Asker: 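Please find one structure pasted underneath; my questions will follow.
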Amino acid sequence: MNNFLLKRLGQTLLSIWGVITVVFIILQLSGDPTLLMVPEGATNEDIDSLRQQLGFDRPMIVQYGDYLIKMTRLDMGTSFIQNIPVIDIIAPRIFYTLYLAFSALLVAFGIGLPVGIYIGVFRNTPLSRILMGLVLIGQSMPTFWSGILLIMLFAVKWGFMPSSGAEDALSIVLPAITLGALSMATIARITRTSIIEELGKEYVRASKARGLSHSAVIRLHVMRNASIPLITIGALELSNLLAGAVIVETVFAWPGLGLLAVQSIEARDFPVVQVLVLLGSIVYIGLNLLADILYSVVDPRIKLHGGKR
Amino acid sequence: MLKKLLLTIYILAAALVGGGITAATASSDMLVVDLVNEPSTLDPHRQWNPDSYFVYRNIYDNLVTRDTAGKIVPQIATSWKAIDDTNIEFKIRTDVKFHDGSPLTAQDVVFSIKRITNPDFASPQLGQFNSIIDAVATAPDTIVITTGKPYPPLLAQLVKLSIVSKAYVEKVGDEELNLSPMGSGPYKFVAWQKGIKVELEANADYWRGQPPFAEVQFRAVKDAATRIADLRTGKADLIVSLNSDNAAELSSASDLSILSAPTERVAYLMMNTQFGPLTDVRVRQAVAYALDRQLIIDALLGGYSQIIDALLTPAHFGYVEGIKAYPYDPEKARELLAEAGYPDGVTVELVTAPVFDQRIVQAIQQQLSKVGINVEISMGDMSTFLERRRADPERFGDMVFGRWSCACQDADGVLYAMFNSDSVWSKYANPELDAHLEAGRSAMDPAVRLQHYKLALDIIADQVPSIALYQAAAIYGARKGLVWTPTANESLFLMDMSWQ
């Protein structure tokens with residue numbers, strides 16, 4: 001177990017270094033931020049002087065080294081658009097994105113799981129086809145469209161939901177539904193497959209032979225075994241939802257990291273973008289690791305020695 | 001157990017977000033404004049972008065300002081007179097107090113000028129103020145500003161200079177000033193909920209009188225459709241940055257109104273006179289004749305923008321009537337093309353960026369193709385666009401579609417940068433034009449300047465290094481009953497607003 005964790009930790013650090021480097025290179029290639037900061041008509045001298053102040057006149061390798069050293073010291077730098085430390089810009093927003101992503105996950109599981117169980121147990125009935133069709137429609141709607149649609153209906157037309165922002169307790173509802181709809185169908189389908197697979201196994205027949213009712217078998221045994229793939233999917237979907245939050249936050253003016261990412265990329269606020277991408281990749285890598293560990297908690301037969309699943 | 005715990009955490013989280021803060025209900029005491037982004041900074045000497053200055057210009061006063069008609073009028077300064085071509089003396093008010101109760105003095109004005117012009121401070125606005133080489137307080141109510149050489153647009157630039165408190169900045173430092181600004185303006189800073197909103201409250205002791213709203217909130221709402229929904233649901237009273245389609249959508253609502261003003265932003269087609277087929281003036285003139293600008297404005301811009309024949313608008317100093325215009329004449333365009341040696345048409349590259357209205361770009365492409373000018377559109381992001389906009393003629397492309405604003409409403413900020421041969425933004429060289437532009441930026445007599453700019457505009461109209469398409473409009477949506485006349489310089493002064 002320790003070996004496995006050490007190995008995974010090593011891989012994790014390597015991945016993070018890779019991410020830092022790739023992000024750095026892409027941002028450097030994507031253009032000069034000083035051009036966006038100066039007013040139109042600025043002379044070359046104005047631009048050069050600003051560039052020098054911000055350190056962009058240094059060779060790329062020097063800037064890269066400087067950045068790596070700062071990162072190892074957990075010094076995330078100062079935003080050169082907002083002129084305050086990056087950590088102060090990002091920290092207050094983490095909560096909002098997590099709150100949104102978990103609420104969306106709750107919506108996704110809240111709808112996807114019952115639907116998946118139903119269509120798994122009652123295969124090929126008309127109702128199960130209709131249900132699957134509905135969740136598929138939910139997943140197929142682009143969020144920038146479905147979000148506006150929900151705002152138009154629930155806020156503008158019927159007036160019982162706030163149209164934007166995060167000031168009300170109800171503000172979370174529409175963004176969570178919009179984002180959660182993205183994962184509903186995936187969860188429903190995985191649940192269905194998993195339940196069908198378990199239902200065909202020997203122990204189901206054995207349990208029935210012991211005299212357990214069909215529903216008791218499903219409740220006590222099938223569901224527990226079927227939940228293993230759902231844990232991985234849950235973790236992976238959570239990272240998908242964090243990525244999807246970029247658009248949903250923009251539509252709903254939800255003050256999370258996604259909205260910040262859009263603003264910072266538009267303004268070429270390098271220090272902020274770098275930390276945001278890094279944070280995103282750490283979360284993604286971390287969630288995968290977590291899923292691996294959770295397997296063994298749910299199913300003690302799966303030991304953490306890597307490779308075998 | 002675990003489930004219960006999770007549920008409790010969840011409810012707590014929900015309460016934390018929602019708790020205490022109730023929905024912003026519209027009342028005459030409160031104004032809620034939906035901006036696009038949150039301010040990048042509230043330090044008035046850092047970023048100059050609308051989302052930032054919409055907010056901080058209400059917290060601070062300026063040395064001079066523009067009235068709603070666009071005339072430069074006193075604010076902190078009561079009067080000014082030129083001592084000579086490079087020294088100008090300002091008398092300032094002595095009855096103005098900062099929000100902390102301390103008086104605003106000549107020292108604060110001097111400090112503000114020195115702060116924004118200090119190269120180490122690295123203000124992105126430096127280029128607009130670095131003609132100033134010194135500022136001195138010669139008496140408690142007098143300051144003298146010295147420019148390196150005669151600089152007639154100085155007053156137009158000083159309109160944008162907010163006065164900060166020397167004592168406060170020195171006490172709290174630059175970062176704190178950014179996070180909790182303190183000025184002498186009509187509104188006091190209350191709180192900045194990052195990513196959500198900035199709250200201001202009225203400064204009851206304001207020297208120009210009682211501000212119109214007791215409380216003002218500036219929210220950050222990126223998506224225009226969401227801003228419109230906010231206005232419709234009453235969450236916002238005023239929303240910024242709409243396009244003509246948004247305006248059309250809102251016009252049916254009887255409880256809302258659309259406010260708009262022509263700005264000093266000019267949409268232009270800049271042509272590369274130094275490389276490629278557009279080096280021939282006949283081809284450039286053909287482009288001018290081939291464009292039906294009125295059709296573009298009527299069909300795509302909902303009539304909100306106006307045709308303009310020069311790169312200057314009536315809001316600029318230096319604007320003159322009667323500049324030669326190119327009417328829509330596709331026949332003439334074809335003739336000129338044939339004369340220039342392109343009877344079978346020519347292919348040109350048009351460089352633009354997504355922030356500029358792409359429907360216009362496509363309309364230009366279509367209109368030009370009708371006379372045989374085949375336009376290939378090169379779209380890059382803003383940073384790439386700005387890089388190519390400033391690049392050498394070989395890399396510039398044949399044409400650029402963009403919008404120009406110097407935020408100074410002075411011909412110098414437009415024409416010198418765009419057409420003077422040694423400016424990186426120019427792809428045109430003409431010694432005669434250079435002479436007029438140089439004279440226009442050094443003569444202190446407005447009449448002399450106007451004369452030079454008239455001649456400069458004639459040359460530009462004749463040689464067509466650039467075509468002015470239209471004067472862009474700023475469109476806002478508001479709750480009926482909000483009285484406000486937007487201005488050409490796209491400022492959002494709360495003191496100019498009121499509830500009916």
Side-chain angles (χ1 to χ4, degrees), chain A residues 30-47 49-50 53-54 81-85 88-89 92-93 95-96 99 102-103 106 144 147-148 151-152 155-156 159 162-172 250-253 255-256 259-260 262-263 266-269, chain B residues 10 13-15 17-19 21-24 34 37-38 40-41 43 46-48 119-120 122 124-128 130 174-175 178-179 193-197 219-223 225-227 229-230 232-233 235 381-384 386-387 390 404-407 413-414 416-418 423-425:
Chain A
S30 73
D32 184 343
T34 46
L35 288 179
L36 292 169
M37 293 167 69
V38 296
E40 273 160 318
T43 60
N44 272 352
E45 295 82 70
D46 296 340
I47 294 164
S49 124
L50 190 62
Q53 286 292 331
L54 295 172
I81 303 293
Q82 302 193 30
N83 296 101
I84 53 174
D88 292 346
I89 296 169
R93 298 193 177 232
F95 166 77
Y96 286 99
Y99 182 37
F102 277 104
S103 304
L106 201 70
F144 57 84
I148 291 293
I151 293 175
M152 283 303 164
V156 178
S163 44
S164 74
E167 294 106 320
D168 304 320
L170 286 176
S171 294
I172 184 69
T250 306
V251 170
F252 288 94
L259 187 55
L260 179 67
V262 173
Q263 280 174 25
E266 275 179 4
R268 288 289 187 289
D269 199 347
Chain B
Y10 209 78
V17 175
I21 313 154
T22 45
D34 268 12
N37 293 310
E38 72 170 337
S40 353
T41 169
D43 181 338
R46 294 274 186 202
Q47 304 292 330
W48 180 267
D120 291 336
Q125 300 179 58
L126 179 64
Q128 314 204 318
N130 58 5
D174 289 342
E175 196 176 309
N178 179 358
L179 294 172
Q193 277 182 277
K194 281 277 173 187
I196 306 176
K197 63 184 171 186
R219 302 172 75 239
V221 183
K222 183 122 194 124
D223 196 315
T226 314
R227 289 198 295 281
D230 282 349
R232 287 205 154 142
T233 57
K235 210 171 170 63
D381 64 4
M382 195 58 191
S383 190
T384 314
L386 287 172
E387 193 267 316
R390 297 170 61 258
W404 189 275
S405 157
C406 67
V414 182
Y416 192 91
M418 280 185 90
S423 164
V424 287
W425 304 87

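To find a chain, count down the sequence lines: A is the first, B the second, and so on, and within it residues start at 1. Given the structure is predicted, the values throughout are model-derived calculations rather than measurements.
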Asker: Strictly distance-based, threshold 3.5 Å: is any side-chain N or O of B:T226 a donor or acceptor partner for the main-chain N or O of A:F252?
Answerer: no

Asker: Just by modelled atom types, is the A:S164 backbone N or O under 3.5 Å from a matching donor or acceptor in the B:R219 side chain?
Answerer: yes

Asker: Could you report the tightest heavy-atom contact between A:Q53 and B:D120, atom names first, then the distance?
Answerer: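 The answer is OE1-O, 3.3 Å.
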
Asker: Under 3.5 Å, is there a donor-acceptor pair linking the side chains of B:T233 and A:S163?
Answerer: yes

Asker: Is it the backbone or the side chain of B:D381 that comes under 4.5 Å from a heavy atom of chain A, or both, or neither?
Answerer: side chain

Asker: Relative to chain A, which segment of B:L126 carries a heavy atom at a distance below 4.5 Å: side chain, backbone, both, or neither?
Answerer: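 Side chain only.
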
Asker: A:L54, A:T34, A:I81, A:L259: which one forms the most heavy-atom pairs within less than 4.5 Å of chain B?
Answerer: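 Looking at each of A:L54, A:T34, A:I81, A:L259 in turn, A:I81 comes out on top.
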
Asker: Look up atom CG in B:D230 and atom CD1 in A:I151, then write down how far apart they are to the nearest 0.5 Å.
Answerer: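 One finds 7.5 Å between CG of B:D230 and CD1 of A:I151.
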
Asker: Between B:Q125, B:M418, B:M382, B:Q47, which residue shows the highest count of heavy-atom pairs closer than 4.5 Å to chain A?
Answerer: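 Most pairs with chain A among the choices: B:Q47.
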
Asker: Below 4.5 Å from any heavy atom of chain B, which atoms of A:L35 appear? Answer side chain, backbone, both or neither.
Answerer: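 Interface part for A:L35: both.
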
Asker: Is a side-chain donor or acceptor of B:W425 paired with a backbone partner of A:T43 at a separation under 3.5 angstrom?
Answerer: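 Such a contact is absent between B:W425 side chain and A:T43 backbone.
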
Asker: Against chain B, label A:E266 side chain, backbone, both or neither, depending on which of its atoms sit under 4.5 Å from a heavy atom there.
Answerer: side chain

Asker: With a 4.5 Å cut-off on side-chain heavy atoms, are A:I84 and B:K194 touching?
Answerer: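 Yes. Closest side-chain heavy atoms under 4.5 Å.
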
Asker: Could you tell me whether the side chain of A:I47 reaches within less than 4.5 Å of the side chain of B:V424, counting heavy atoms only?
Answerer: no

Asker: Where does A:T250 contact chain B at under 4.5 Å (heavy atoms): side chain, backbone, both or neither?
Answerer: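 Its backbone and side chain both get close to chain B.
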
Asker: Measure distances from B:E387 to the heavy atoms of chain A and classify the residue's part below 4.5 Å as side chain, backbone, both or neither.
Answerer: both

Asker: Measure B:R390 against the heavy atoms of chain A and call it side chain, backbone, both or neither at under 4.5 Å.
Answerer: side chain

Asker: What option among B:T41, B:N178, B:D34 has the most heavy-atom pairs under 4.5 Å with chain A?
Answerer: B:N178

Asker: With only heavy atoms counted, which part of B:A229 is less than 4.5 Å from chain A, the side chain, the backbone, both or neither?
Answerer: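 Both backbone and side chain.
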
Asker: If you take all heavy atoms of A:A166 and B:I196, which pair is closest and at what distance?
Answerer: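 Residues A:A166 and B:I196, closest heavy atoms: CB-CD1, 4.5 Å.
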
Asker: Check each atom of A:I148 against the heavy atoms of chain B and say whether the ones under 4.5 Å are side chain, backbone, both or neither.
Answerer: side chain

Asker: In terms of heavy-atom pairs under 4.5 Å, which option from B:A417, B:P119, B:P124 contacts chain A the most?
Answerer: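 Ranked by heavy-atom pairs under 4.5 Å with chain A, first place is B:P124.
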
Asker: Taking the side chain as C-beta and beyond, is there a heavy-atom pair between A:P85 and B:E175 under 4.5 Å?
Answerer: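 Counting from C-beta outward, A:P85 and B:E175 do come under 4.5 Å.
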
Asker: Of the non-hydrogen atoms in B:K235 and A:P162, which two are nearest, and what is the gap between them?
Answerer: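 Distance-wise, the nearest heavy atoms are NZ-CB, 4.1 Å.
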
Asker: If you count heavy-atom pairs within less than 4.5 Å of chain A, which of B:D174, B:V414, B:L386, B:L179 leads?
Answerer: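 Going by pairs under 4.5 Å, I would pick B:L386.
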
Asker: Between B:E38 and chain A, which part of the residue has a heavy atom less than 4.5 Å away: side chain, backbone, both or neither?
Answerer: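 It is both, since atoms from each part get that close.
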
Asker: Evaluate the criterion side chain to side chain donor-acceptor pair (under 3.5 Å) for residue pair A:D46 and B:N130; output intermediate values, then yes/no.
Answerer: CA-CA 9 Å; A:D46 296 340; B:N130 58 5; 3.1 Å; yes

Asker: Rounded to the nearest 0.5 Å, what separation is found between the NZ atom of B:K197 and the CD atom of A:E167?
Answerer: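 These two atoms lie 4.5 Å from each other.
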
Asker: Ignoring hydrogens, what is the shortest heavy-atom contact between A:A253 and B:A220? Give both atom names and the distance.
Answerer: CB-O, 3.4 Å

